[in-house]
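To find a chain, count down the sequence lines: A is the first, B the second, and so on, and within it residues start at 1.
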Amino acid sequence: MQYVDNIVFVAVLALAILWFSKQVGKIRRNINLGRDIDRTDNKSARWQTMLRVAFGQSKMQARPIPGILHFIVYAGFILINIEVLEIVLDGVLGTHRLFAEPLGGLYDVVINFFEILAVLVITACVVFLIRRNVIKVPRFTKPEMKGWATRDGNNILYIEIILMLALLTMNATEANFEHAVAGPFLISQYLAPIFSGMSQDTLHIVERFAWWFHIIGILAFLNYLPISKHFHIILAFPNTWYSNLKAKGSFPNMEAVTKEVKMMLDPTADPFAAPSADDSGAAPERFGAKDVTDLNWVNLMNAYSCTECGRCTSECPANMTGKKLSPRKVMMDTRDRLEEVGKNIDLNGEFKDDGKSLLDDYISREELWACTSCNACVQACPVNIDPLSIIVQMRNFLVMEESAAPQELNLMMTNVENNGAPWQFAQADRLNWKDEA
Amino acid sequence: MKVPTMAEMMAAGQKPEVLFWVGCAGSFDDRAKKITRAFVQLLNKAGVSFAVLGTEESCTGDPAKRAGNEFLFQMQAMMNIEVLNGYEVQSIVTTCPHCFNTLKNEYPELGGKYEVMHHTQFLKKLLNDGRLKVEGGSYKGKRITFHDPCYLGRANDEYEAPREVLSKLEADLSEMKSCKQRGLCCGAGGAQMFKEAEKGDKEVNIERTEQALETQPDVIATGCPFCNTMMTDGVKIKEQSTKVKVYDVAELLADAQA
Ligand code: SF4
Ligand code: SF4
């Protein structure tokens, strides 16, 4: 009987990890539904970008108040997780505060440090909750935040507060133990009196409860990540590593088009020649993107990395002036549609046409045409997401596959084609400015 | 005004130091043509040997690409590259950030590899090399605010060159609340210049003009013919045209030449 706790613990731990891996596996598969793109060049710059943007959170600091608060939660969580290591080992081995004895006095110092962090994390989370629900910072109240997105944001903050409180409770009960192995502690000593009237037996039960609550809470939270915007705590790292290192203004040139254009401009080429063997399969099924599977896998990873913070949208000139376009919505739609496609595959073994697509069912043409390609969203994103890339690929589809550009743009393009300028001026007049005025 | 073409230069057995890529706006738009001429004036003043393609120049394809027409873009690009490579062009300067971005970033892969500069970068170099000087001019002490073109700033991380040129005018440079990395678009990019905006509650150029006007400027400085149009329109709609002028950096510098 004495091993029941250990066995239950190991079973819970294994289940949690298994379930989590299964969910991550699905996300991985979904991301890999995207088209290929090579983002493995210049590795040293990639590591640097990841260190700076993900570890160092450099882009968060463009807005100092949430930037600093977020850094506290982030650092707090990473460091406090060192304690989770002890908790897991205790659980597996059936020990109690395994590190207390070997670390001696240092143990109290470390736990005190964690306690300070815990209080800071709680404070930051409370401020975040106030910003979202009381002050109602505009970027958290945009239309795409209705429903689950708002609940998700709040859930995460509540969970973090509760987990931190469980940690403090564990310490506060410990402080009342006759044979306390650690403490009293900087913060929890003030909570200790709450439990001081209890018998030793009750104390131990409360302590055990807080302990189990804390670890099960963490494992549950782990399994909440894959359905939440909080998944960014994992994907922020690969997402920044694989981010675009080229100048933001540099849009990729479509290779399939290059081939065709070269052939058209080459007077010696035989337009009726059969495609050579190495050509087959090289051309994409369609130009541009109609659905999520037409996007590249980095676009799809972007969607799962989005924290729904709305920094992109709040800097978007189109959104700022009341247009429907919201780069955050573009990312959320991409994720939602990809999830839908993923579930479809889970259900049918392979994707069965559901008559839906990212275009029109999720993202409207009106949104796509409102973009000025200004890159403000890309610049603003704290995890280097590129909503503009998706917008442009969807425009590619509209124009190249459906010839469905707005009329004025068609006119512009006809002019470029015929006169080499977007307006109706003759190329022969291109130098007239020289003799005017 | 003295504007040699590549063809003329080639016929005379000469090779210019730099090709001035004028761009469609710079060639055809009445307001932008003034910027083109101001820049040529500066080039001549500094004794730069330059040439233009003239009637051999064609749209870089930027608006087509941003609108989503990759096919048309690459057609334009390949044709231009053929002309440029035919003249063995090595370095290009342009007064349009859209041409700048396209030539610099999107042409190399298609076979067009050149050193490409925005005119503010080129002017900065001319000033630093002592080939151009600021002599007089009426901008000393005037309040100037610079509007970052998206395709020069965020798209290519160039924020300092235009500001450095402006600082030489000894003007009082003030920044808008959104500037540099966080500069707000004028509303023209991504082929928006050529269409009506989608339904909203405001025009982007009005929003940006309001930000500019908040700095109480005498001059709103630009580095892009499209931004220039958008800001000029914005100032007009805000009925500030008599008080606030919109000029390209090149025009301001040309004005400060004795
Ligand atoms: S690039 Fe498009 S979506 Fe992104 S901020 Fe600019 S206008 Fe908005
Ligand atoms: S794309 Fe980036 S900036 Fe926009 S909401 Fe997502 S994480 Fe935030």
Spacing of [X] atom [atom1] and [Y] atom [atom2] [to the nearest 0.5 Å]:
X: A:Arg430; Y: B:Cys24; atom1: CZ; atom2: SG; value: 4.0 Å
X: B:Gln181; Y: A:Glu315; atom1: CD; atom2: CD; value: 11.0 Å
X: B:Arg37; Y: A:Lys434; atom1: CZ; atom2: NZ; value: 12.5 Å
X: A:Glu366; Y: B:Lys199; atom1: CD; atom2: NZ; value: 6.5 Å
X: B:Glu70; Y: A:Arg395; atom1: CD; atom2: CZ; value: 13.5 Å
X: B:Ser58; Y: A:Glu417; atom1: OG; atom2: CD; value: 11.0 Å

When you look at [atom1] of [X], are more than 12 heavy atoms from neighbouring residues, nucleotides or ligands closer to it than 6.0 Å?
X: B:Glu214; atom1: CD; result: yes
X: A:Lys324; atom1: NZ; result: no
X: B:Lys245; atom1: NZ; result: yes
X: A:Glu255; atom1: CD; result: no

Between [X] and [Y], which heavy-atom pair has the shortest distance, and what is it?
X: A:Gly249; Y: B:Glu106; result: O-OE2, 3.2 Å
X: B:Lys65; Y: A:Phe251; result: CE-CB, 3.4 Å
X: A:Met412; Y: B:Ala191; result: CE-CB, 4.1 Å
X: A:Met413; Y: B:Ala67; result: SD-CB, 4.4 Å
X: A:Ala247; Y: B:Asn156; result: CB-OD1, 3.7 Å

With chain A, which of [options] has the greatest number of heavy-atom pairs at distances under 4.5 Å?
options: B:Gly26, B:Ser27, B:Cys150; answer: B:Ser27
options: B:Lys34, B:Lys2, B:Lys195; answer: B:Lys195
options: B:Val3, B:Val22, B:Val40; answer: B:Val3
options: B:Lys202, B:Glu109, B:Gln74; answer: B:Gln74

Using non-hydrogen atoms only, which part of [X] is less than 4.5 Å away from chain B: side chain, backbone, both, or neither?
X: A:Asn319; value: neither
X: A:Leu265; value: side chain
X: A:Pro317; value: both
X: A:Gln407; value: neither

* Salt bridge check: are B:Glu198 and A:Lys323 linked by an N-O gap of less than 4.0 Å? -> no
* To do: Please examine the side chains of B:Asn105 and A:Lys246, heavy atoms only from C-beta on, and report whether any two atoms are closer than 4.5 Å.
  => no
* Check: A:Thr258 and B:Met78 side chains under 4.5 Å, non-hydrogen atoms -> yes
Please look at [X] and chain A and tell me whether the side chain, the backbone, both or neither of the residue comes under 4.5 angstrom of a heavy atom of that chain.
X: B:Arg208; result: neither
X: B:Ala77; result: neither
X: B:Val52; result: side chain
X: B:Gln76; result: side chain
X: B:Phe100; result: neither
X: B:Thr5; result: side chain
X: B:Asn101; result: side chain
X: B:Glu207; result: side chain
X: B:Glu82; result: neither

* Please answer whether the main-chain N or O of A:Gln427 pairs with a side-chain N or O of B:Glu57 as donor and acceptor at a distance below 3.5 Å. => no
* Asked: Side chain of B:Gln192, backbone of A:Trp369: donor and acceptor closer than 3.5 Å?
  ->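 Yes; at least one donor-acceptor contact below 3.5 Å.
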* Asked: Do the ring centers of B:Phe28 and A:Trp433 come within less than 6.0 Å of each other?
  ->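 So the answer is no for these two rings.
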* To do: Taking atom types as modelled, find out whether A:Thr321 and B:Glu203 have a side-chain donor-acceptor pair closer than 3.5 angstrom.
  => no
* Polar contact flag, side-chain donor to acceptor under 3.5 angstrom, B:Lys33-A:Asn432 ->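 No, because no side-chain N or O of B:Lys33 sits under 3.5 Å from a partner of the opposite role on A:Asn432.
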* Taking ring-ring contact (aromatic ring centres under 6.0 Å, His included) as the test, write out the residues that go with B:Tyr107, two or more places apart. => none
* Quick one: which of A:Asn419, A:Val416, A:Leu431 has the most heavy-atom pairs under 4.5 Å with chain B, could you say? =>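 Highest number of heavy-atom pairs under 4.5 Å: A:Val416.
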* **Close approach to chain B in residues 372-379 of chain A, criterion heavy atom under 4.5 Å** =>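 Within residues 372-379 of chain A, near chain B: A:Thr372, A:Ser373, A:Cys374, A:Asn375, A:Ala376, A:Gln379.
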* Neighbours of chain B found in residues 60-68 of chain A - heavy atoms under 4.5 Å -> A:Ala62, A:Arg63
* Test side chain to side chain contact (heavy atoms under 4.5 Å, CB included) on B:Leu184 and A:Met320 and set out the steps. => CA-CA 10 Å; B:Leu184 176 65; A:Met320 218 180 267; 3.8 Å; yes
* All side-chain hydrogen bond (donor to acceptor under 3.5 Å, both in side chains) counterparts of B:Tyr247, not counting sequence neighbours ->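 Expected list: none.
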* Does the side chain to side chain contact (heavy atoms under 4.5 Å, CB included) test come out yes or no for A:Val392 and B:Arg66, once each step is laid out? -> CA-CA 7 Å; A:Val392 173; B:Arg66 312 302 139 184; over 6 Å; no
* Test A:Asn415 against B:Phe194 for side chain to side chain contact (heavy atoms under 4.5 Å, CB included), laying out the working first. => CA-CA 11 Å; A:Asn415 283 328; B:Phe194 307 100; over 6 Å; no
